[in-house]
Amino acid sequence: MSDITSKSRGVRVRFAPSPTGYLHVGGARTALFNWLFARGQSGTMILRVEDTDAERNKPELVQGILDGLQWLGVDWDEGPFYQSQRTELYRAAAKKLLANGTAFLCYCPAEKYAGGDHAEPGQDEEPKGGGPRRVTRCTCRDGKPSNPDVKPAIRFKVPLGGTTKFLDAVFGEREFSNDEIEDFVLLRSGKGEEEFGQSMYQLGVVVDDIDMRITHVIRGADHISNTPKQVLLYRALGAQPPVFAHVPLILGADKSRLSKRHGATDVNMYRAEGFLPEAFRNFLALLGWSPGGDEEFIRTKDLIEKFSLAGVSRTNAVFDRPKLEWFNTQYLQKLPIEELLPEVENELRRSGLWKPEWAAGAAPGPDGRDHAWFAKTVDLLRPRVRLLPDFSSWSRAFFSDDFLRDPAAIAKFWKDPKTPELLAKLADALEALSEWNHDACDHASRAVAEAGGVKAGLLINATRVAIVGQAVAPPLFDTMVVLGHQRVVRRLRDAVSTFGKS
RNA sequence: GGCGCUAUGGUGCAACGGUUAGCACGUAGCCCUUUCAAGGCUAAAAUACGGGUUCGAUUCCCGUUAGCGCUACCA
């Protein structure tokens, strides 16, 4: 198996979403694995949109999928290719199979297979004892007299007896009995003028994977059962199958297939919530894959270096949101500050709090704040931030003078009747300071508390509410320094004047 | 129903015949403390069950059970 995972040039992989929905976290994980593998092997990543079902396909969803991939940081070297625009390729392949005897025209009405007697009982029915059997062999395979009233579909003529095997980089050698494989449809029957309709999934993937010279097919384990059909197609088409690598599925907390009722499954919702893409990537990478040791905080460049198909697990994984949040806080805290700043800038732009003078290289604003101030402030705030929007919500008073004091914080920390008097004295004491730094603020504050006969903590907590409006904030004296001398004094006096009101 | 895949604490992973079964999230407690976090320490918590193979099984084989997947003119 070493030949599969060893460095080899010419690796070509693809991510092939179907635009019948948004970018699901499961799809995102598959895309990520393909991408990590491609980048680690200096290979080529291809994006292919599998939109051969005109009825279910929604073209407007493609952009959302592309946006999701972009946010995730998964880029591609070729494509996006659209299967709906490659119809001729599939028809030619189907005709070739017809010609070499590995496919046949099927005149059966579509309904015969789509429902009715031969189909699977519905989920609500009891499939007990000797329920309906699927038909796996179509009677048209030995040549049916053509029926002028119906347009035929093209089906694959699955060999009678024997087995089909393939190599899976994750699951090992797999072997399936051909008798379990039905004569699947390759090409839909034509509608109106056309001779044949669109390609079906099995034909499309194989024709494209051959055409695009895909070397490794990395996809969800729900495709394991499809793989022997595709291997048969490769053979019939005279092509060599690629290496397959099926990755385990992602489940919800109750271990059923991840769906909306488990919470967000659309990758774009995580972007909207304010997760950092790299944290999301790190979390996703560890769902069904492990570098082998105990490390968990793995930056993307190391993910690329460490990723291997041999490290992919065979067991389904549950999507654990609390762990994702933990990863996010880890990145919020550990990222070099200059890497975090652009994310915070985006967030502040979104909420309208951003000021251009905080950009790198810009001239300081009228209040003296510049990029260095911005970096220092974000650095102070980040240990307490869980999601990007926190920079706009409870951190608002750091970036804007237009903020409200949280009533709950007031109720909790302004209980003591001496509060306004203390805050007024503190304002005076701080105003008189000739130096504005942590220790000066500290000493002045404690002196006021002592003179007023209260514990420092009481003054400190009351002051926090006064100057940032929140019960939760960074250490007070660091906060004062970052806010600035005049602003702190002004907010303190404002607090005194509002005391008792509301 | 048929076929297939899987099975380590609640969750994600490690241990790829020999460990007191390790790490992380979460949970509980303690420490720190200026709020809230972070951080540090500690605790509870797992090899699904039954048979084999072996000097020795989490690890290899079989069965059972459970979960999941496929079983469309969906992808």
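The sequence lines fix the lettering, A, B, ..., with proteins before strands; numbering per chain opens at 1. In this text, all values refer to a predicted model and were calculated from it rather than measured experimentally.
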How about A/Leu404: does its CG atom have over 12 heavy atoms from other parts shown lying under 6.0 Å from it? no

Does any residue of residues 324-334 of chain A have a heavy atom under 4.0 Å from RNA chain B, and if so, which ones, in number order? A/Trp326, A/Gln330, A/Gln333

Contact class for A/Pro248 vs. all strands (heavy atom < 4.0 Å): base, sugar-phosphate, or nothing? nothing

Work out how far the P atom of B/rA45 is from that of B/rG10, and round it to whole angstrom. 11 Å

Do the ring centers of A/Phe33 and A/Trp289 come within less than 6.0 Å of each other? no

Minimum heavy-atom separation for A/Pro475 and A/Arg384, please, with both atom names. CD-NH2, 3.5 Å

So, does the side chain of A/Asn226 form a donor-acceptor pair with the base of B/rA75 at under 3.5 Å? yes

Base B/rC3 to side chain A/Ser225, donor-acceptor N/O within 3.5 Å cut-off: no

Side chain of A/Asp294, base of B/rG22: donor and acceptor closer than 3.5 Å? yes

Residue-level proximity of residues 80-91 of chain A to RNA chain B when a heavy atom falls under 4.0 Å: none

Select base, sugar-phosphate, or nothing to describe what A/Phe477 touches, counting heavy atoms under 4.0 Å on all strands. base

Strand partner of B/rA44, provided both Watson-Crick or wobble distances fall under 3.5 Å: none

